[in-house]
Amino acid sequence: MKKQSNGKFLSLIVAVGLGLLAGCTSIPQRETVSVAGYASMRNEGPRSSMEQINMVKLRMDRPPVELLGPGDVLGIYISTVTGSEDVPPPVYNVDGKTDEDPASGYPYPVRSDGTLSLPLLAEPIYVEGMSLIEAENAIRTAYTIKKRLLGSEAKISVTLIKKRTINVCVIREDLNLGIDPVRSSSTTQLTAQKGTGETYFGSVGRGSAVSLSLPVYKNDILEALSRSGGMPGLNAKNELIILRKTSSDGVNIDEGDYLPKDSEAFARSVSDRYNETGSLDSFGSDMGIIRIPLRVLPCEEPPRLTSDDVTLRDGDVLYIQSREAEVYYTGGMLKGGVHAIPRDYDLDVLSAIAAAGGGVGAGVGGTDNTNGGRSNFLLAPSRILIIRNHNGRQVAISLKKNDALRDPSSRIYVEPNDVILVEYTNFETLFNVVFSTIRVNINPKDFWD
C-alpha cells in the first residue's frame with residue numbers, strides 16, 4: 001500500500017513539473033507592461049464619439065434668380081426674324097430625358113465672351129450676368145428701339161434650352177463606378193466572410209475615376225457624390241479632398257509633359273493619369289488641396305463651410321480615398337486570423353476577442369486554436385496579451401480577462417496592427433494538465449494507512 005501511495009505522489013510531482021515547464025505564456029510577465037496608460041493612444045480620440053457633419057452643408061446655395069453665362073443655350077423666337085409667324089417654334093425638354101425645364105425657340109449659344117450673335121444685328125448683344133427676362137428685354141430693345149427693325153408689338157421670347165455645365169473629375173477609391181469599363185480600372189477588395197455578411201479589410205485595387213458635367217448651380221460636392229455612387233462608404237476615409245489647379249502653367253508630370261490648360265481637358269487628364277498609375281503622387285505642388293472632414297469629435301468645431309467652399313469649378317477633382325486596411329491579428333488560444341477594425345466606432349479588447357470568435361465570459365473549458373471549438377480543458381485561458389508597436393518599438397501589454405470584465409478602464413481600445421493573444425497562465429496550465437491530461441486516481445484512505 002505504501003508503494004502504491006508513493007507511486008501516486010510521484011505521478012503528482014511529474015504532473016507539476018510538466019505543468020510548470022509547459023507554461024503557455026509566450027512572453028514572461030516580467031517583460032510585459034500593465035494596461036495603465038494604454039487606454040487609448042489615438043490622438044484623435046475614440047472613433048465612436050465622432051459625429052457626422054450635416055450633409056446639407058455640402059450643397060451650394062442657389063441664387064433666387066439664375067444668371068446667364070458662356071455655354072448657356074438659349075431658345076430665342078423673334079417673329080419674322082428667326083422664324084415665320086405661321087410656323088410654331090421648336091419645343092425642347094419635354095420628353096423627360098433631361099432635368100432642364102421645357103423650352104421653345106431656336107437655339108443660340110452664349111459665346112465665350114458672354115454675347116449673343118443674332119440675325120440682322122451688326123453688333124452682338126451682351127447677356128452674361130443677366131436673367132432670362134433681362135436678356136429678353138435687351139433683345140427687344142435692340143430690335144425695336146436701337147435698330148427699329150421691328151415694331152413694339154413684335155413677338156419675342158427667350159427661354160433656356162440647356163444650362164452651361166461645369167466639368168469635374170470624381171476619383172473614388174471606395175468603389176468601382178463602372179461607368180466606363182474601358183477607362184475605369186476595377187476594384188478588388190480583400191474581404192473575410194462572417195456568416196452571411198462581409199467584413200472589409202482594404203482595397204487591393206485603386207477604384208475608378210469618371211468625368212462629370214454638372215449643370216451650373218448644381219456644381220457642388222453633394223451633386224457630384226450623388227451622381228458617382230452616393231456618400232463615401234465604410235471603406236473610405238472620413239474626409240473629402242478637392243484638388244484644384246492653382247497655376248496657369250499646368251501641372252508638371254514626372255514624364256516631362258504638362259497637363260492642358262483647358263479645364264475640361266484637365267479633368268479628363270487627371271482621370272486618365274489616375275487610371276494609368278493608380279496614384280496622384282506625381283502631380284506637382286501647384287495642385288491646390290482642400291480637405292473637408294466628414295466626421296469630427298464632439299470637442300471639435302464642425303467645419304464652417306460656405307457655399308463657395310463646396311462649389312466645384314471647371315477642372316476640379318473630387319478625390320475620395322480608401323482608408324488603409326485597419327486590421328488586428330489574433331493568435332494563441334484564439335483562432336489565428338486577421339480582422340477589420342470598424343471605421344466609425346471603437347473595439348475594446350473584449351469586443352475584439354468576441355468578434356474573433358473567442359469567449360469572454362467566465363466559463364469552463366478552453367478554446368481550441370485550430371478550429372475554434374471547445375477543448376477538454378477544465379479552465380479557460382484568462383491571460384490576454386496585446387502586442388503593439390509604439391514609437392518604433394514593440395510593447396507587450398498584459399491583462400487578465402476577469403480584470404477586464406470587472407474594470408471597464410482595463411478594456412483598452414484595439415489599435416491597427418495589434419496582435420491579440422489569449423493564453424493560459426501557469427496555474428491554469430498546471431491545473432488542466434493534472435486534471436485533464438494525466439488521470440490520477442487518489443483515495444484519501446491511502447494517506448491514512
Side-chain angles (χ1 to χ4, degrees), residues 44 50-72 99-100 128-129 131 160 162-175 177 179 207-248 251 262-264 266-271 274 280 283 286-298 300-323 343-344:
E44 67 271 18
M50 300 184 74
E51 300 176 353
Q52 188 168 345
I53 68 170
N54 187 356
M55 294 302 171
V56 178
K57 293 184 178 181
L58 300 180
R59 184 184 297 278
M60 63 184 297
D61 297 332
R62 300 185 65 176
V65 178
E66 297 184 1
L67 305 180
L68 300 177
D72 287 334
D99 296 335
E100 307 287 353
E128 183 178 0
S131 65
L160 183 61
K162 185 178 183 297
K163 296 179 181 179
R164 62 189 182 276
T165 57
I166 305 299
N167 298 287
V168 301
C169 176
V170 180
I171 295 177
R172 304 195 61 153
E173 292 183 341
D174 61 330
L175 52 83
L177 298 177
I179 297 176
S208 54
V210 63
S211 293
L212 298 178
S213 295
L214 303 178
V216 67
Y217 300 119
K218 288 187 177 180
N219 53 311
D220 51 41
I221 295 177
L222 196 59
E223 184 72 17
L225 291 176
S226 64
R227 295 189 179 209
S228 62
M231 298 303 298
L234 295 178
N235 54 342
K237 287 188 175 181
N238 275 315
E239 70 173 357
L240 302 173
I241 298 177
I242 300 176
L243 303 176
R244 180 167 294 163
K245 188 170 65 172
T246 59
S247 172
S248 60
V251 179
D262 178 69
S263 57
E264 182 179 356
F266 170 73
R268 288 198 305 266
S269 298
V270 173
S271 174
Y274 181 78
L280 296 176
F283 290 90
D286 56 351
M287 176 81 78
I289 298 178
I290 304 172
R291 297 180 182 271
I292 300 178
L294 295 178
R295 291 170 61 87
V296 295
L297 291 169
E300 296 177 343
E301 184 178 359
R304 295 183 177 180
L305 300 175
T306 64
S307 180
D308 186 63
D309 294 331
V310 300
T311 299
L312 299 177
R313 305 175 188 174
D314 252 344
D316 280 356
V317 178
L318 180 60
Y319 184 29
I320 302 173
Q321 288 182 298
S322 172
R323 68 186 181 104
R343 186 192 70 172
D344 296 336

Using the test side chain to side chain contact (heavy atoms under 4.5 Å, CB included), find all partners of [X] that sit at least two apart in sequence or belong to another chain.
X    : answer
L312 : V168, L214, I221, A224, I242, D316
Q52  : M55, R295
P303 : I53, P293, V296, L305

What distance do [X] atom [atom1] and [Y] atom [atom2] have between them, rounded to the nearest 0.5 Å?
X    : Y    : atom1 : atom2 : answer
L240 : R291 : CG    : CZ    : 11.0 Å
L68  : L160 : CG    : CG    : 7.0 Å
S213 : I166 : OG    : CD1   : 9.5 Å
I171 : Y319 : CD1   : OH    : 7.0 Å

Pairwise salt bridge (Lys or Arg N to Asp or Glu O under 4.0 Å) hits with a residue in residues 209-224, at least two apart: E223-R227
Might you point out which heavy atoms bring [X] and [Y] nearest each other, and give the distance in Å?
X    : Y    : answer
K57  : V310 : O-CG1, 3.3 Å
S131 : L67  : N-CD2, 4.0 Å
D308 : R313 : OD2-NH2, 3.9 Å
L222 : R59  : CD2-NH2, 3.4 Å

All side chain to side chain donor-acceptor pair (under 3.5 Å) counterparts of D72, not counting sequence neighbours: R164
Residue list, side chain to side chain donor-acceptor pair (under 3.5 Å) with D61, at least two apart or on another chain: none
Close side-chain approach of I292 and E239, heavy atoms under 4.5 Å: no
K163 and E66 ion-paired at < 4.0 Å: yes
Do side-chain atoms of [X] reach the backbone of [Y] as a donor and acceptor pair under 3.5 angstrom?
X    : Y    : result
E128 : P70  : no
R172 : S228 : yes
N219 : Y217 : yes

